[in-house]
Amino acid sequence: MDRWSPEDRSALMARVRNRDTSPELAVRKLAHAQGLRFRVNRRDLPGTPDLVFPRYRLAVFVHGCFWHRHSGCKRATTPKTRQDFWEAKLVRNVERDQQAAAALEGLGWQVMTVWECELKDQASVAQRLLASTRGLPPLSTSVDYG
Ligand SMILES: [Zn+2]
């Protein structure tokens, strides 16, 4: 178990505010608006993808830029206190993400990552979702678009 100092805790709390408007929820709404059927938090799949589109074998991870180290993103900062602790912790997150993606791809899944900061442009995220699902032949012939 990690031990959290008061500084770590306050850094953490600053980043988990506003659960109702979480990036994950935003992506669910986008997918729903496109008429795409999905499941959430499939624990039987590597890394427990945030959204899974079984028909297209598409697994989507919605990643916070800080926790998952969005490369080149200004939100991927490192707290000023206890930098070694944070670096180690955040590097582990990235390693876990890479392992999960590789394992999913090994099982024949397509993996897509949506970064928190990308949700400023929801239309383009929706477009990527559609492209990822249209690019693949549906696994079933039944149609469930409204
Ligand atoms: Zn970012």
Side-chain angles (χ1 to χ4, degrees), residues 1-139 145:
M1 266 310 199
D2 293 319
R3 280 180 180 271
W4 297 89
S5 73
E7 293 81 16
D8 295 330
R9 271 187 200 289
S10 63
L12 176 69
M13 293 314 289
R15 289 181 170 88
V16 291
R17 61 186 181 262
N18 238 344
R19 262 258 153 245
D20 287 348
T21 57
S22 75
E24 207 177 306
L25 207 63
V27 177
R28 286 190 208 175
K29 281 183 182 164
L30 279 179
H32 189 74
Q34 302 302 324
L36 297 168
R37 300 294 168 95
F38 57 90
R39 299 278 172 271
V40 296
N41 300 127
R42 279 272 303 267
R43 298 201 170 277
D44 55 322
L45 290 174
T48 313
D50 295 306
L51 286 81
V52 162
F53 300 80
R55 190 174 299 272
Y56 304 97
R57 267 184 113 71
L58 170 68
V60 174
F61 291 95
V62 184
H63 280 343
C65 300
F66 170 77
W67 290 107
H68 298 269
R69 309 275 86 188
H70 187 194
S71 123
C73 178
K74 62 171 184 274
R75 297 189 193 186
T77 55
T78 303
K80 289 183 177 53
T81 58
R82 300 223 291 151
Q83 290 199 345
D84 290 350
F85 165 85
W86 280 103
E87 298 250 338
K89 184 171 193 60
L90 296 168
V91 163
R92 275 201 304 278
N93 285 349
V94 173
E95 283 169 359
R96 262 198 304 266
D97 294 341
Q98 288 168 348
Q99 282 160 8
L104 282 164
E105 281 164 7
L107 293 168
W109 287 81
Q110 184 186 201
V111 178
M112 175 176 155
T113 301
V114 176
W115 294 98
E116 175 188 14
C117 68
E118 293 175 331
L119 287 163
K120 279 182 295 192
D121 184 359
Q122 302 212 347
S124 91
V125 174
Q127 230 159 35
R128 274 174 64 207
L129 270 178
L130 283 175
S132 297
T133 51
R134 285 204 183 120
L136 293 169
L139 294 176
Y145 298 108

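Counting starts at 1 for both ligands and their atoms, following the listed order.
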If you apply the rule side chain to side chain donor-acceptor pair (under 3.5 Å), what do you find for Arg37 with Thr133, and how did you get there?
CA-CA 11 Å; Arg37 300 294 168 95; Thr133 51; over 6 Å; no

Within the supplied structure, the quantity of interest is the number of heavy atoms (other residues, nucleotides, ligands) at a distance under 6.0 Å from Asp121 CG; does it exceed 12?
yes

Looking only at atom types and distance, does a side-chain atom of Arg57 sit under 3.5 Å from a main-chain N or O of Leu107, one as donor and one as acceptor?
yes

Under 3.5 Å donor-acceptor, Gln34 side chain and Leu129 backbone
no

Short of 2.8 Å from the Zn ion (ligand 1), name each protein N/O/S atom, waters not counted.
Cys65 SG, His70 ND1, Cys73 SG, Cys117 SG

Of Leu104, Thr48, Val114, the residue whose pairing with Phe61 passes side-chain contact (heavy atoms from CB on, under 4.5 Å)
Leu104

Look at the aromatic rings of His70 and Trp115 and report parallel, tilted or perpendicular, splitting at 30° and 60°.
parallel

